[in-house]
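The figures that follow rest on heavy atoms only: side chains count, while hydrogens, waters and symmetry mates do not.
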Amino acid sequence: MPQDTSTRQTTETAGAPGDETAEREAGKELVAAPSLLSRIRSLPRPHPRRAWRRWKAAHPVPAQVIGIVVTTGALALIVAALVMPNRLETFRPAEFIRLPVEALLGAAVLTALPRRPRLIVAVLFGLLLGVLTVLNLMDIGFYEYLGRGFNIILDWPLLTDAQSYLGDTLGKGTAQLAAIGVVLLVALILAVMALAAVRVGNLVGRHPGHSTRVLLVLCAFWMTCASVNLQNAGVPLSAEHTVTMLKYRAERVRDAIRDEAAFGKIARADTFGNTPPSQLVPDLRGKDMVFTFIESYGRSAIEDPVEAPGVDATLAARTKALAKAGFHAKSGWLTSATYGGSSWLGHSTTMSGLWINNQSRYRTVTAGNGEHLTLTKAFQKTGAFDTVGIMPGVQKGWPEEKWYGLDKVYDAFQLGYKGPKFSWSTMPDQYALEQFQRQVHSKKPANGKSRMSFLILTSSHQPWAPLPKIVPWDQIGNGSIFNAIQKAGKKPSDILTSSPKSQAEYGKSVQYSVTALTQWLERYGNDNTVLVFLGDHQPIARVSGNHASRDVPISIVAKDPKVLDKINSWNWTDGLRPAHNAPVWKMSNFRDAFLTAYGSTPHPKKG
């Protein structure tokens, strides 16, 4: 307290004669401060390049060894970038023990240039190599998850979806760290490749005569290898991989631009575009129609040696249970427009009868209300059906509901779920189906119409951990019963790095979804219920394999024998499991086949 009082008194008496001396002393300190700072600034600073030169002069042998190692590493990085495959399955040592012609051309250019232009060209060359390396890595990821390469025109929005998926699976913090890590990795690749190119450029520039002789020998070797097709472990020693990849990517860009223009005209043409409402699905009037997609339900689930035993046993058991309840089924195969992900492409292809295999086509066909008749919209157009969508995976605005022809949509927030998420899946399929029963299916439309329902189930979505389990239907309640099941389940990190574990859990997820759906039908279906259910795509390559087909199973289930009699000519297999040799259609063929089978009359609309 005495110190506070003294300070206050000093402040209050400011301007007294005694203060002039204090002010002069303070001024001297202010004058002295800049001179002190200037002396600090004038002190010699160590320069990294000078320090390195002094160290080299003092330690010539270690410096020479370090220089050789760095230069060798730079050369190795450049060669690796030029011959790097864009598919994980082709990564093997023989792919990297090749002589790329692009390296020879680049070295020749750098040798001929003066110092300053050589530095600029080397940096640009290195950055180009960095970009190509990043694109190759993108290809590897896309082949692993989507069964195709990265499209530099169409696929950028999918990166946001990937981050959202990571957030739902491993947590938002992990997803943000992963995003930061990816950005830093890209920056590091670009910087390292640029520095490597500069290092090699400086080397050939300092020794142009020797570099020219070495280049002549290497060019002769490359031409010899190319002319006689010399190979190492089946891989040609002469490489022009980068030129090939540049041509491939340029062609992909041209194809994407041409396809976007051509597809608009294709989408405007429609076999049933002008069909009057009275002539659409007349043989299904009065039916309780249910169209359902099971996430990642692919052919691998039924035929892969790891997954098939459990899934096939489930399909057999559920076929018998449904038959006991009076339901019978026929099943076949559809070739999906997508693989590993982008489920909406499978949904829209099946419902529209158009081959929608990329995001550009999807945007084109769903823009506004769309001009192409979807299968679901055909039921709405009749005026005899109320149409409803159950979308537990939708957590934001979904304008596509108009294109699908849905009068009402229940998204993840309208199903009253109070239980835990199961990784990406917002709720177990059994809960979604029970809410569909309570809020929709159990209530007859007030206008006396029939109902067409469109359900997208989510429990079999990757990463397949943790998984829900079937609980007594009368105990589902608000979903809190699933808390203990979710806590006891596996974590995504437990299975993500293991293909056998992922395969096993994927198979269990399909068993769960099929069981939940068919139990719902057995419990709540009636004499008029017609269930059409199918997969949207195969699971990712880590589960289905690098060369799996894109086929998915599809089944039509009904009590009324006339419903299945209408599709006898399709030669589908009786029961829920399609035979190996059952007919395989393109997914885009289903809409017209279904409409025709159930009495719709074509009235084409030109594009």
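- Closest heavy-atom contact between A329 and L576: CB-CD2, 3.7 Å.
- Looking at R258 and E251, a side-chain N of the basic residue comes within less than 4.0 Å of a carboxylate O on the acidic one, giving a salt bridge.
- Side-chain atoms of R550 and T335 include no donor-acceptor pair closer than 3.5 Å.
- Under the salt bridge (Lys or Arg N to Asp or Glu O under 4.0 Å) criterion, D592 pairs with no residue at all, not counting sequence neighbours.
- Nearest heavy atoms, V543 versus S502: CG2-CB, 3.8 Å.
- Listed here is the closest heavy atom pair of S425 and T458: OG-OG1, 2.7 Å.
- Looking only at atom types and distance, the side chain of S544 has no donor-acceptor partner in the side chain of S300 under 3.5 Å away.
- Across all non-hydrogen atoms, the minimal contact from D574 to K330 is OD1-NZ, 2.8 Å.
- In this structure the side chain of H241 never reaches within 4.5 angstrom of the side chain of L82, judged on heavy atoms.
- W464 places a side-chain N or O within donor-acceptor distance of the main-chain N or O of S460, the cut-off being under 3.5 Å.
- With contacts defined as side-chain heavy-atom distances shorter than 4.5 Å, the pair L534/S555 does not qualify.
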Mind running side chain to side chain contact (heavy atoms under 4.5 Å, CB included) on W398 and L406 for me, showing each step along the way? CA-CA 11 Å; W398 193 58; L406 301 175; 3.9 Å; yes
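- One finds the CD atom of E303 at 7.5 Å from the OG atom of S549 (value rounded to the nearest 0.5 Å).
- Under the 3.5 Å distance criterion, the side-chain polar atoms of T349 are matched with a main-chain donor or acceptor of I356.
- A donor-acceptor pair under 3.5 Å is formed between the side chain of D429 and the backbone N or O of S459.
- Every residue meeting the salt bridge (Lys or Arg N to Asp or Glu O under 4.0 Å) condition with R249, not counting sequence neighbours, appears here in chain and number order: D139.
- Judged by distance alone, with hydrogens and angles left aside, the side-chain atoms of S513 form no donor-acceptor pair with the main-chain N or O of V510 at under 3.5 Å.
- Checked options V183, I189, V182; the residue passing with L185 is I189 (criterion: side chain to side chain contact (heavy atoms under 4.5 Å, CB included)).
- You'll find the ring centres of W355 and F263 outside the 6.0 Å limit.
- Within a 6.0 Å radius of NZ in K418, other residues, nucleotides and ligands contribute 12 heavy atoms or fewer.
- Using a distance-only test at 3.5 Å, with no hydrogens or angles considered, a donor-acceptor pair links the side chain of T387 to the main chain of G405.
- Every residue two or more places apart in sequence or in another chain was checked for a side-chain hydrogen bond (donor to acceptor under 3.5 Å, both in side chains) with S499, and none qualifies.
- For H372 and W403, the ring centers are positioned 6.0 Å apart or more.
- Sequence neighbours left out, the pairs with a member in residues 576-595 that pass ring-ring contact (aromatic ring centres under 6.0 Å, His included) are F291-F594, W570-W585, W572-W585, F590-F594, F594-Y598.
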Side chain to side chain contact (heavy atoms under 4.5 Å, CB included) for W473 and R523? Distances and angles first, verdict last. CA-CA 9 Å; W473 287 82; R523 184 179 179 89; 3.5 Å; yes
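- Under the 3.5 Å distance criterion, with hydrogens and angles disregarded, no donor-acceptor pair is assigned to the side chains of Q538 and D551.
- For the pair I294/L517, a side-chain contact is recorded, criterion being any heavy-atom separation below 4.5 Å from C-beta on.
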I would like to know whether V552 and D536 meet side chain to side chain contact (heavy atoms under 4.5 Å, CB included); could you show each step before the answer? CA-CA 7 Å; V552 298; D536 46 21; over 6 Å; no
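- No hydrogens or angles considered: a donor-acceptor pair under 3.5 Å links the side chains of W344 and Q359.
- No side-chain heavy atom of L88 sits under 4.5 Å from any side-chain heavy atom of Y143.
- Taking the six-membered ring where the residue is Trp, the centroids of F96 and F91 are separated by under 6.0 Å.
- Looking only at distances, a side-chain donor or acceptor of D411 sits under 3.5 Å from a matching main-chain atom of Q414.
- Checking side-chain atoms of R451 against main-chain N and O of K443 turns up a donor-acceptor pair under 3.5 Å.
- The backbone N or O of A465 sits less than 3.5 Å from a side-chain atom of S423, completing a donor-acceptor pair.
- Remark: E434 engages R438 in a salt bridge (Lys or Arg N to Asp or Glu O under 4.0 Å) (not counting sequence neighbours).
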Step by step, would you call F293 with L457 a side chain to side chain contact (heavy atoms under 4.5 Å, CB included)? CA-CA 6 Å; F293 281 90; L457 302 180; over 6 Å; no
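- Contact record, I567 with I556: CD1-CD1, 3.9 Å, taken as the closest heavy-atom pair.
- Shortest non-hydrogen contact noted between T376 and Y404 is OG1-O, 2.6 Å.
- Annotation: cation-pi geometry not satisfied between K508 and Y506 (NZ/CZ under 6.0 angstrom from ring centroid, within 45° of ring axis).
- T338 contributes no side-chain N or O that, together with a main-chain N or O of S343, makes up a donor-acceptor pair within less than 3.5 Å.
- Contact check for V557 versus H328: no side-chain heavy atoms found under the 4.5 Å cut-off.
- Side chain of E401 to backbone of G389: no donor-acceptor contact under 3.5 angstrom is found.
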How far apart are the C-alpha atoms of D312 and R577, what are their side-chain angles, what is the distance that settles it, and do they pass the salt bridge (charged side-chain N to carboxylate O under 4.0 Å, His left out) test? CA-CA 7 Å; D312 288 350; R577 185 193 185 281; 3.2 Å; yes
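- Taking the six-membered ring for Trp and the full ring otherwise, Y417 and Y431 have centroids separated by under 6.0 Å.
- With a 4.5 Å cut-off on side-chain heavy atoms, M452 and D386 do not count as touching.
- Residues N151 and V253 are not in side-chain contact: their nearest non-hydrogen atoms beyond the backbone lie 4.5 Å or more apart.
- Sorted by first then second residue, the salt bridge (Lys or Arg N to Asp or Glu O under 4.0 Å) pairs that include residues 470-480, not counting sequence neighbours, number zero.
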